[in-house]
Amino acid sequence: MRVHIVNPSHFAFGVGLITTRWLYVLAAATPEKWGDPILTDEILEPFDTDRLEAGDVIGIGIHTGNALVGYQLGQRARARGAWVVYGGIHATLYPEEAHEHGGAHAVVKGDGDVVWGSAIEDCRNGVPKLLYEGGQVDAGKFRPARWDLLDRGKHLWASVQTVRGCPKHCSFCSVWRTDGQEPRQRGVNPVIEEIVELRRIGFKFVALADDNFYPVTIEDLRMADRRKDKTRYNELKTLRDERFELMAQMEQLPADMVFLTQITMEAAEDPDFLRAMKRARIMGALVGVEAVTPEGLKDVYKDFNLVGEDLVTRLKMFKQHGIHILGSFIFGLPSDTPSTFDATADLAKRADITFAQFMTLTPFPGTLDFDQWEKDNADSMPLVDGTPVSRHWLIPQSKRPKLLTPHPVMSAEEIRRRTLTVWYDFYSVRASWKRSNVVKSLKSRLAFVLMSRLYPQMFANTGLATDSARVARSTRWARMLLKALQRVCALPPMPDLQVPLSEPPAVERGTAA
Ligand code: SF4
């Protein structure tokens, strides 16, 4: 019996922008007695079901975007006599669907770090349970990824997780409901050890693939400090101190490494934190700006963000501390009008944002937006070939509507067209070259422009284009750009690199509380 673990994908690019970390974490959670699992990331190449033999176990991880292609794979695998086990956010939300549509023998709900081994064992014994409750495991039980199983030459960036969960409650996001609102923060040593392993095999760029790298804000601490009972304050302070300790340790890593992460905009109010990020060479951060108007922020329950000139000033604060922003914006909010697109594009330029992504509002399951949408349209949900659009992930890609919710003043086509225009404008060669002055050498500037061309090919054209020829062309382009960038992003391996000795925590220079 062999164990296969597969990340399904509609598109294969040959080279991946970022390592699909969960594959390597689940590999680590696979008991040794079953040997090394065979990992397939379909973002690189399609899984060949002929490799499956009767009695093999296949673990398929799905999120909403790849659920359908995952279900098709599961059905093929079951037809070959394999045991089919699903996991991932989507399977956690809809375990019964994986049984109904995906040929599942079993579904793991929640984190797979601990229960995956039991699911394999039960399959081996011919008695898999329909459902395994993985729950939210403690940070101390997070598995470090099996990077020894990675094909190094096929990835631009590596990924390490330092914390799961997010204390916010944005209406379009499922993270806080599936991963929890209480941050589960990994210890410093296991994180540093993983990063060292990645540098040993030649990674320059490492994404700290967290839900929110800044889980405790200054305001959180102030509010907790006002309480008579200091328990909460002490918990938050410990979490914050550990962040500084991690960043102090990252300072000791080779100077040619660069890190990226995901944080909330509130970090801009925290110069100590920004300075520690800079010292740790966390040079880039995805920040969810979402909307540039107060009405838009209210639409998504994100009124802790700012608007107008205050927003520009706050975003610039990151750059002033040497941290480049990948700003994330959403179009199609109920309060949007045609002028929102120009206002957003203008703000992205004025705020000195280095990269940006412009998404269209999609109610994803597990979010408040989705619940509301389903409730409001219970009797009137449109159908595509008999499938309600509230189950949009079950509609084949070619027939799936690009926008799902009707907008009060714009048609779906207008929102789609205007969104693409903002993408193309932001990533024009001229604008990208101008922004490339954030790096010095000609080689780095050219790499920056290539990356800027890659981003819309991968995330705008494949998602928003309406004709398959355009999608196919974009996939080809993305493949070429990824290959070219792979060489630029790699560093010579350092097989003898040691884990730096722990220094005293840098909390003294970090805490503002
Ligand atoms: S969008 Fe970001 S800040 Fe909001 S809940 Fe999700 S992870 Fe947290």
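Remember, it's 1-based here, ligands and their atoms both numbered in the order they're listed. Basis for what follows: all heavy atoms, side chains included, without hydrogens, waters or symmetry-related copies.
- Atom 8 (Fe) of ligand 1 lies under 2.8 Å from an N, O or S atom belonging to Cys166.
- Residue-ligand proximity, Trp176 to ligand 1, at heavy-atom distances under 4.0 Å covers atoms 5 (S).
- Under the 30°/60° scheme for interplanar angles, the aromatic rings of Tyr94 and Phe370 are found to stand perpendicular.
- Ion pairing between Arg314 and Glu309 fails under the 4.0 Å rule for side-chain N and carboxylate O.
- Taking 4.5 Å as the limit, every side-chain heavy atom of Arg281 sits out of range of all side-chain heavy atoms of Met250.
- The proximity of Cys170 to ligand 1, defined as any non-hydrogen pair under 4.0 Å, involves the side chain as well as the backbone.
- Interface atoms of ligand 1 facing Thr264, defined by a heavy-atom separation under 4.0 Å, are 3 (S).
- Using a 4.0 Å cut-off to heavy atoms of Lys168, the atoms of ligand 1 that qualify are 3 (S), 5 (S), 8 (Fe).
- In this structure, Asp211 has a heavy atom closer than 4.0 Å to ligand 1.
- Donor-acceptor pairing under 3.5 Å is lacking for the side chains of Asp241 and Thr238.
- Classified by interplanar angle (parallel below 30°, tilted 30° to 60°, perpendicular above 60°), the ring pair Phe244/Phe273 is perpendicular.
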